Amino acid sequence: MVKFGSGIAVKHENFKTCDQAGFCKRNRAYADAAGVTGWEAPFRIAADTLNWQNGQLQGTILKTIKEGETVRLPVTISFLESGSARVVIDEEKRQKGEIELRHNSIARKERYNEAESWAIVGGLDISKTAKENREEKTSTITYGSENQFEAVVTFAPFAIDFKRDGATQIKLNDRGLLNLEHWRPKIEKVEPEKKEGEETPPTEVEVPTGEDESTWWDEPFGGQTDSKPKGPESVSLDITFPGYEHVFGIPEHAGPLSLKETRGGTGNHEDPYRLYNADVFEYIMDSPMTLYGSIPFMQAHKKDSTVGVFWLNAAETWIDIIKAKEAHNPLSLGIGSKTDTKTHWFSESGLIDVFIFLGPTPKDVTKAYGELTGYSQLPPEFSIAYHQCRWNYNTDEDVKDVDRKMSKHQIPYDVIWLDIEYTDDKQYFTWDPLTFPDPIGMLKQLDESERKLVAIIDPHIKNKEGYHVVDELKKKDLAVHNKDGNIYEGWCWPGSSHWIDCFNPAAIKWWIGLFKYDAFKGSMPNLFIWNDMNEPSVFNGPETTMPKDNLHYQNWEHRDVHNLNGMTFHNATYQAMLERKKGEIRRPFVLTRSFYAGSQRLGAMWTGDNQANWEHLAAGFPMIINQGVAGYPFAGADVGGFFGNPEKDLLTRWYQAGAFYPFFRGHAHIDTRRREPYLAGEPYTGIITQALRLRYALLPAWYTAFHEASVNGTPILRPHYFVYPADEAGFAIDDQFFVGSTGLLAKPVVKEGAESVDIYLPDNEVYYDYFDYKTYSGRGSHSVAAPLEKIPLLMQGGHIIPRKDRPRRSSGLMKWDPYTLVVALDKQGNAEGELYVDDGETFDYESGAYIKRAFGFKDNVLESTNRGTKGKMTSSYIKAMKAVGVERIVIVGAPKSWSTKAVVKIGKTEARLEYHPESGGKAAWAVIKSPKISIAEDWKIEF
Ligand code: NOJ
């Protein structure tokens, strides 16, 4: 596991602790009060309101606020065809608009109910087979494809137990922490006038409830005050995973994959995990502090069982985690203790809207979550190659120079990036006329080697008269408003700015227009986009973001939608990049910093402003792996570290690590020294080049993993628990991982001066060193040598890995290159693998223009079989791809009997076999050169 050092630098005082966030403090206090004996949870279902119809149970929960006085909360529990369940709780008064807002606010009165329209894209079909069985105090619903699931709804206090095959997996409101702060009018405490000679009359106050009201009506922080026109409105629920020791997910935080406890104590966090997208300057390690994006999706895992929950709420959210060890019967010595993970979720506003996934495998859970929020984009192929970025390449000549030097040093790269300085005075969609006089010339040079440019475009629009973009934004009224309904003004890179409101369909439409080639002068098809600062980052705003009482489209408060904001901007840019010229429909590539559940459909994310030190290098993998667990695998960290100047060994190790980031980009702060790979000097430049070439050689395997993620949500970097759900020793491992289904097991070095790493093997299969075929076998830890030039990378026996070995300047130039297949035999002498190929840039694959192959080695026969389904473009694509061959097949772990074999049979022809015997702990291997077979066709090779 990655060890996280304690950090420095973050300006903690800029960000709230739980104690400083009114609703967080209140809900924690509520949890503490609920823990006291005699506590009675005040929420119950009014049984006479219950109605079961078409897979849904609807009714009203009553919240008792004082003797005889209740608040009505409509509840809907839906059982979905997919086997997931959903619980939604609203508040009748707010739903009907029967409330009064303070300060003459024009904000919407309802609890925000549109998160679904942004996050969810499918999977909501209601089950036709779910059945209800009502009893006096409970209602039991049986559901799932084989009726294997059960939800037992208890009426008073309201609670639900979710079971799989009769055993409880998830409990809602087991601890009675369900809370929904109902609407109430503010009762001003006026000091009544005292007439002479009269006694002081009693002040009109609410019956004391013991609640902390100090932050109900307005909330100051950092010199600014949130006007809170709707009063207190938080929602909260406890979710318990009985028998589960590990929980994963809820990115984005810098910390280990297996989430820690949060209510203090040795080794635990003091604060809950926070989700409130923010531009956290120089963030620290091992912290539950919020970062740039949030995905409120959690997986709980125990031996052979994974379940999950998705908390669909876009407001500021905190999650407390405690792990309760329950001692077993002392007579059953040796069993150890059983751990329940108890979580407590609270959001500042909005609905309670929670999805339940009952597994049983991690794959089932990610698949079900992806069915709802969408699977990861199948990105254009160039975007999974290497990206060269810094803040900033200073001129178009500078870009061209770097491009030439990368070629000269034979260092592959696909994309060079421009940060904010390329613009004319931080006005997006313009170029600085002095430094970038000829963007088209620059783009054309890149295009000669099929390279691309990514330029940054942020959501803040410079407030400067005569700048056409801001003029239109104002005229069309497409910006975010302040609480009074006027255009909101704040500070960001350009100085005074306004923010496009991408919740507004008209704003999206306008944004799309800005990217057309004739509108964005100086752009070309090989220009792509980077969306940064979309939390949104507002330099002079509370917690460096927008005031919560700002208003978005249709007057939803920013408070309600904050965590969605980044995704809506990313979405608008994605839409814009789909078709910049009529008919030219291509897959967009848009990088985002801020994200929410669903952002995976739109492009890549990166972990923001890390630092050039070993702790940050080590922190990258747990964070990126966790992104994959949360359905968003197209993730990376700034290679080299954003702030500071990395020593050369750190830079080198970072490239070796980066070669295993799904999104692989070098980036650096404006104040750092230049660090393009060719500047490092030998041996560093050579080693970095090798790491880059390794990535390029394995692009077919990476692309196949991206394809898999795009159809069923499987992570690209797979943690141990995901691949070996029964192997308890692997559950918390987050510094080594499998790449897709390739059987590649990597543990890049992230420690200063390390000369070896200990790799944990989860089974007794044979593992081969990727580079020299040294073998490792036996479950447990193995030391693998890792001098600076070496990336610890093993191939698990039983896999066939597709590669392209010819070094090129860019991935685009590899399109027609032949493949190498590496067959790593398992102990039984078998292996399997997969390859997915398409044109890498259009959507033709949706019409069948792709190749999907299954490779199998069994009984001395290697075979390629078709796994694609036919579409209207299949034949023409396959025909064009027939020319792409396999130039080499390497069989690792080749049997001794082959030492006398000189040829193999391929249909009616033969090919030469070259055998290399086992030596010095290195497996025997054999190679077939030029077998003259196509990647697009069926074939069989007999050994
Ligand atoms: C903040 C981003 O995180 C960083 O990557 C970028 O270089 C700067 N903004 C400047 O645009």
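As the structure is a prediction and not an experimental result, all values here were calculated from the model. If you read the sequence from its start, that first residue is 1, and numbering goes on from there. Each ligand, and each atom within it, is numbered from 1 in the order the structure gives.
For Tyr386 and Tyr696, the gap between ring centers reaches or exceeds 6.0 Å.
Of all protein heavy atoms, the one closest to atom 3 (O) of ligand 1 is Asp609 OD1, 2.4 Å. Asp532 OD2, 2.7 Å is the protein heavy atom nearest to atom 9 (N) of ligand 1.
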Point to revise | Check against salt bridge (charged side-chain N to carboxylate O under 4.0 Å, His left out), Arg390 and Asp419 | key: CA-CA 7 Å; Arg390 78 170 276 109; Asp419 210 320; over 6 Å; no
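Each of the atoms 4 (C), 5 (O), 6 (C), 7 (O) of ligand 1 lies under 4.0 Å from some heavy atom of His667. Atoms of ligand 1 lying under 4.0 Å from any heavy atom of Phe642, numbered from 1 in the order shown and given with element: 4 (C), 5 (O), 7 (O). Near Asp419, meaning under 4.0 Å from any of its heavy atoms, are these atoms of ligand 1: 6 (C), 7 (O), 10 (C), 11 (O). The distance from ligand 1 to the heavy atoms of Ile456 drops below 4.0 Å at these ligand atoms: 11 (O).
For ligand 1, none of its N or O atoms has an N or O atom of Trp391 under 3.5 Å away. Not a single N or O atom of Trp606, backbone or side chain, sits closer than 3.5 Å to an N or O atom of ligand 1.
In Arg593, the part holding a heavy atom less than 4.0 Å from any atom of ligand 1 is the side chain.
Looking at Ser294, its side chain never comes within 3.5 Å of a backbone N or O of Tyr276 through a donor-acceptor pair. Of the possible donor and acceptor atoms, none in the side chain of Ser383 sits under 3.5 Å from a partner among the backbone N and O of Pro379.
Between His409 and Tyr678, the ring-plane angle classifies as parallel under the 30° and 60° cut-offs. Classification of the Phe429-Trp511 ring pair by plane angle, with boundaries at 30° and 60°, yields perpendicular.
Phe634 pairs with exactly one of Phe664, Phe706, Tyr661, Trp702 by the ring-ring contact (aromatic ring centres under 6.0 Å, His included) rule, that one being Phe706.
By the 4.0 Å heavy-atom criterion, Trp530 is counted among the residues contacting ligand 1.
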